[in-house]
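Data block below; observations after.
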Amino acid sequence: MSTSASTSISEPVTSVNSSAFYKGTELAGRTLLAALFLLSGLGKIGSYSATAAYMASVGVPAALLPLVIATEVGGAISIVVGWKTRITAFLLAGFTALTALAFHTNFADQIQMIMFLKNVSIAGAFLLLVANGAGPLSLDRRLAR
C-alpha cells in the first residue's frame, strides 16, 4: 500500500496518514465543522438582546448567553487550530445535543425536526474528533512531539 496521492479511499487510514490529501482533508473538515460555531457565536454578539430574548422564550436563562458565546467562539477556534481537540469536541458534542433538546423539539414543524437532526449529526461529527483526534495539522500533534 502506497502513501501517494493515488491511494484508494477504501484503504485503511494508516496507509494515507502522511499524504497531503489526508492532512488537508482533515484540516478542512475541522474548519468547516467549526465555521458554523464561530459565525453563530459572533452573530450572537451582534444581536445580543434578540438572542437573550429568544433563549428566555424557550426557558433558557439569558444569563447563560456569555457562556454560550464563549463556548461557540472559543470552541470553534480550538477545533480549527487543533488544540485540546478531543476535550473540546466532547464538550461541543454535548453542547450541540443540549441545544437540539432545548430549541428544536417541535417535530410537528418540519424545519425544527431538520434542525434537531442537523444538531444530532454535528454532535456525531464531534464524536468522530473525540475518537480520532485532530490529525497531523494541529497544535495537538505539534505539542505531542
Side-chain angles (χ1 to χ4, degrees), residues 5-144:
S6 65
T7 302
S8 168
I9 199 157
S10 64
E11 291 181 23
V13 173
T14 55
S15 70
V16 295
N17 276 349
S18 63
S19 76
F21 176 77
Y22 172 80
K23 292 174 183 177
T25 302
E26 203 158 54
L27 176 60
R30 288 195 333 262
T31 302
L32 291 171
L33 183 59
L36 173 68
F37 290 84
L38 182 61
L39 293 173
S40 181
L42 294 175
K44 285 174 176 66
I45 295 169
S47 59
Y48 195 93
S49 296
T51 303
Y54 177 64
M55 288 173 63
S57 77
V58 296
V60 177
L64 292 177
L65 185 52
L67 180 61
V68 168
I69 292 168
T71 299
E72 290 181 338
V73 173
I77 292 168
S78 178
I79 293 296
V80 169
V81 301
W83 181 71
K84 304 286 185 186
T85 305
R86 285 188 160 107
I87 294 167
T88 303
F90 181 77
L91 294 172
L92 285 173
F95 172 82
T96 305
L98 287 173
T99 301
L101 293 171
F103 295 98
H104 305 301
T105 55
N106 179 9
F107 297 137
D109 179 351
Q110 186 177 13
I111 297 297
Q112 288 301 312
M113 183 179 65
I114 290 168
M115 298 288 278
F116 179 88
L117 293 172
K118 171 197 60 104
N119 280 29
V120 170
S121 298
I122 291 168
F126 280 127
L127 291 177
L128 286 171
L129 279 176
V130 171
N132 296 301
L137 296 178
S138 66
L139 287 178
D140 288 343
R141 182 69 57 91
R142 180 170 284 257
L143 295 171

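To the nearest 0.5 Å, atom CD1 of residue Ile77 and atom CD1 of residue Ile79 are 11.5 Å apart. Between atom CZ of residue Phe37 and atom CD1 of residue Ile122 there is a gap of 5.0 Å, rounded to the nearest 0.5 Å. Note that the CD atom of Gln110 and the CE atom of Met115 stand 13.0 Å from one another [nearest 0.5 Å]. For the atom pair CD1 of Ile111 and NE2 of His104, the computed distance is 11.0 Å after rounding to the nearest 0.5 Å. One finds the CG atom of Leu42 at 9.0 Å from the CD atom of Glu72 (value rounded to the nearest 0.5 Å).
Side-chain contact check for Glu26 versus Leu137: every heavy-atom pair is 4.5 Å or farther apart.
The minimum heavy-atom distance between Thr88 and Ser78, with the atom names listed, is OG1-OG, 3.0 Å. A pairwise comparison of heavy atoms in Ser138 and Gly135 identifies OG-O, 2.7 Å as the closest pair. In this structure, Pro136 and Lys23 approach most closely via the heavy-atom pair CG-CG, 3.4 Å. Shortest non-hydrogen contact noted between Ala89 and Leu129 is CB-CB, 3.7 Å.
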Sequence neighbours left out, cut at 3.5 Å: what donor-acceptor pairs do the side chains of residues 91-102 make with other protein atoms?
unit_1: Thr96; atom_1: OG1; unit_2: Leu92; atom_2: O; d: 2.7
unit_1: Thr99; atom_1: OG1; unit_2: Phe95; atom_2: O; d: 2.8

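Applying the side-chain contact (heavy atoms from CB on, under 4.5 Å) criterion to Val80, with sequence neighbours excluded, gives Thr31, Ala34. Residues forming a side-chain contact (heavy atoms from CB on, under 4.5 Å) with Thr51 (at least two apart in sequence, or on another chain): Lys44, Ser47, Met55, Leu65. Residues passing the side-chain contact (heavy atoms from CB on, under 4.5 Å) test with Leu117, sequence neighbours excluded: Met113. Every residue meeting the side-chain contact (heavy atoms from CB on, under 4.5 Å) condition with Asn132, not counting sequence neighbours, appears here in chain and number order: Leu128.
Sorted by first and then second residue, the ring pair (Phe, Tyr, Trp, His ring centres under 6.0 Å) pairs involving residues 52-94 (not counting sequence neighbours) are Tyr54-Phe103.
A donor-acceptor pair under 3.5 Å is absent between the side-chain atoms of Asp140 and the main chain of Ala134, judged by distance alone.
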